[in-house]
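As structure tokens, the structure follows; a few thoughts come after it.
Just so we're on the same page: letters track the sequence lines, and every chain starts at 1. Keep in mind the model is a prediction, meaning the values are calculated, not measured.
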There are 2 protein chains.
Amino acid sequence: MNEIGLRRRATVHDVARAAGVSLATVDRVLNGRPGVRAATAEKVEAAIAEIGFQRDLSASLLARARDLKLTFIIPDGSNEFMASLADAVARRVGPALADRMHIETHRIKALDAHALARSLDALDIRHCDCAVIVAGEEPSVQAAVDSATRRGIVVMTLVSDLPGTQRRHFIGIDNEAAGRTAASLMGRFLPQGGKVAVIAGSLHLRDHSDRLAGFRAALGAEFPAIELIGPVEGHDERSETHSIVADLLERHGDLAGLYNLGAGNAGLVAALEASNRSGAIRVIAHELTEPTRRGLRSGAIDVVLDQNPDGEIREAIAAARSLALGGSGKAATDPIEIGIFLRDNLR
Amino acid sequence: MNEIGLRRRATVHDVARAAGVSLATVDRVLNGRPGVRAATAEKVEAAIAEIGFQRDLSASLLARARDLKLTFIIPDGSNEFMASLADAVARRVGPALADRMHIETHRIKALDAHALARSLDALDIRHCDCAVIVAGEEPSVQAAVDSATRRGIVVMTLVSDLPGTQRRHFIGIDNEAAGRTAASLMGRFLPQGGKVAVIAGSLHLRDHSDRLAGFRAALGAEFPAIELIGPVEGHDERSETHSIVADLLERHGDLAGLYNLGAGNAGLVAALEASNRSGAIRVIAHELTEPTRRGLRSGAIDVVLDQNPDGEIREAIAAARSLALGGSGKAATDPIEIGIFLRDNLR
DNA sequence: TAGGTCATGAGGCACGTACCTCATGGCGGG
DNA sequence: CCCGCCATGAGGTACGTGCCTCATGACCTA
């Protein structure tokens, strides 16, 4: 049993006593410092498990007398969701500082794998304990993630995951479920069926391809009366998306629905409103930003599926905190929900 | 300006130096201990403001060598949402302990103001720094809230607010917006209009009356073709709600929609499925629980509006942390969003 | 066997705050 | 004038962990 009972939490002293080693050895094990035989380390681990020792985060940070250094690497450009992610980070800088976390943000060119890889390669463990990135699945990025991990930097993915790399955690929504949700709403909005066009940013982005897969699957299974057009790639850019939408409207006079699973919504809304069919076409888009808000209010967009950037940043910071101190365990974070927004529940 | 520059955060030592007083005096001011003249206290406050001192939470909790004591008082009974709130609290107990927070949960009889008031009156500041309650607007409860506050206990409201009392914070959704959202969805689901019945738990609960007000307003403004029936009160109970729904179905063979803005959804789903009209009536309910999940899956319910209990508990704990230590300021917490769930984005 | 490496122990200081005791000096009342 | 109350200062210890130095003994190798 537990000789300290319920009176107080276990401390490193208790661990040392239980393992029959000195405080210094416990400390070496806890902080992964060299100079401990495997057998001894195991004894310590066993003692930790037995008495249920949990490192005191407050004391730990206090003792280090240094801030946890977090670096967010976020795509730059016209993608407004990325801007709102960066804003969300900025809002956390102050409060995080009160929790001994120092946050930096780097903006890099969007959809540029090599720029991201270079940025990751430039990270120095002395100035960055943890990096949070928004990345597509490109070999150069994957290599840079693993290299940074080898240098001791904890890497986490945000919005779009990089399975198969050494990234320690992913923060974002279930994008396949988001696609299914879009399909389900679209199906209900169009009980008579009709043509629905799909626009993506880039199918090399895992979040986009996952959404498409979910949308297709749910549509096929539940709403066979709907005919799918596309997907067309708009590269998350305003002007490109604008011309794509204009073209779709021109070519399909009977277009009943539009699902933009990528960004570039300013172009989408502009093209819709320039036509006289805004409001006559059911439109579903992603991410609650200025353009999609405007679209919801004007009636150009019916539903916006969203991943709350503030929530994502909050969870990213919480995960970084637990990972950077917890060592090898997994971070247990609250899942990010798929938000559904209509004109009436805009936040 | 700030003589310590950007090199490190300000500490109590810096405050003492800036105010020209001793550490002991700063400490007395910071912790509200007696023995400081008003003029001196003001000097200290001014110094704190000037150099932007922020008490180090970690060090503070460490030095106290005691846990922050939090008590949740949650209604008992057949209301499954309250059960999921309690579950959410239970899930946080462990992690919170690692952050030096000791959490207790009291379950009391639902909709029983005097039981809640007694429970609040029984709280002792020695065993409870902060109480989080789910309460209706009843004079006895309001008095108990103010009394507890006078005893030094920070009281926060959850789910349903108590404006006009000394409660320090409210955690929950914007219920009027939730009602408007329900109306907007219902209107879109019923483009031809029709009869829509409304069921509430109790209109003495502020969250319920707010939802009703929002629903009514949005329906009236945007969907005049919809005829509203009710509201009928089901007192958040399964059996009562069951008979209400059965009765509505029997009396209105042409019922097109149903909005249950309270609990008792197990009864609602059972009554719908017992009839042969499940799926033919558009149904919107609140709170993602076992009954509403089942309803969504079976098609008996179309949409569930939800307030994420885990998020609410997380924010409640965060707010308690900042309030119990921050003193007189306001807690800045992330807003709780109105979740919208269909069969396809069930979490 | 001497010198070297390595695992471990012992102990101390630091982090920023809370809280305690004791000393000191001012000031008013009897 | 002296006693006592009060505001304040001075300084200490403690919280749990991180990190440092130094000592000690075991073991290996030349």
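Candidate nucleotides D:dG9, C:dC15, C:dA10 were compared by shortest atom distance to the side chain of B:V21, and D:dG9 ranks first. The side chain of B:H13 has C:dT17 as its nearest neighbour among C:dA10, D:dT17, C:dT17. Nearest nucleotide to the B:T25 side chain, out of C:dG9, C:dA18, D:dG9: D:dG9. Of all nucleotides listed (C:dT17, D:dG16, C:dG9), D:dG16 comes nearest to the side chain of B:L62. Across C:dA7, D:dC19, D:dC15, the shortest atom-to-atom separation from the side chain of A:R37 is found for C:dA7. Nearest nucleotide to the A:T11 side chain, out of D:dA14, D:dG9, D:dG16: D:dG16. Looking at the side chain of A:L30, the nearest of the listed nucleotides D:dG9, C:dA18, D:dG18 is D:dG18. When the nucleotides C:dT17, C:dG9, D:dT8 are ranked by their closest atom to the side chain of B:T40, D:dT8 comes out on top.
Atom P of nucleotide C:dT17 and atom CZ of B:R33 are separated by 13 Å, given to the nearest angstrom. Rounded to whole angstrom, the span from the CZ atom of B:R64 across to the P atom of D:dT13 amounts to 22 Å. Note: CG (A:L97) to C1' (C:dG16) measures 15 Å, nearest angstrom. Atom pair A:R100:CZ and C:dT17:C1' shows a separation of 11 Å (rounding to whole Å applied). Taking atom CZ of A:R28 as the reference point, atom P of C:dA7 lies 10 Å away to the nearest angstrom. When the C1' atom of C:dA10 is taken as reference, atom CG of A:L23 falls 10 Å away, rounded to whole Å.
At a threshold of 4.0 angstrom between heavy atoms, the contacts of A:D56 are confined to the sugar-phosphate backbone, with no base atom among them. Here B:D27 lies in heavy-atom contact (under 4.0 Å) with a base.
A:Q142 places no side-chain N or O within donor-acceptor distance of the main-chain N or O of A:T165, the cut-off being under 3.5 Å. Of the possible donor and acceptor atoms, none in the side chain of B:T25 sits under 3.5 Å from a partner among the backbone N and O of B:V21.
Under the 3.5 Å distance criterion, with hydrogens and angles disregarded, no donor-acceptor pair is assigned to the side chains of A:N308 and A:E337. B:T333 and B:H169 share a side-chain donor-acceptor pair at under 3.5 Å. When only modelled atom types and interatomic distance are considered, B:N31 and B:R64 share no side-chain donor-acceptor pair under 3.5 Å.
The residue among B:A39 and A:Q54 whose nearest nucleotide of DNA chain D lies closer to the 5′ end is B:A39.
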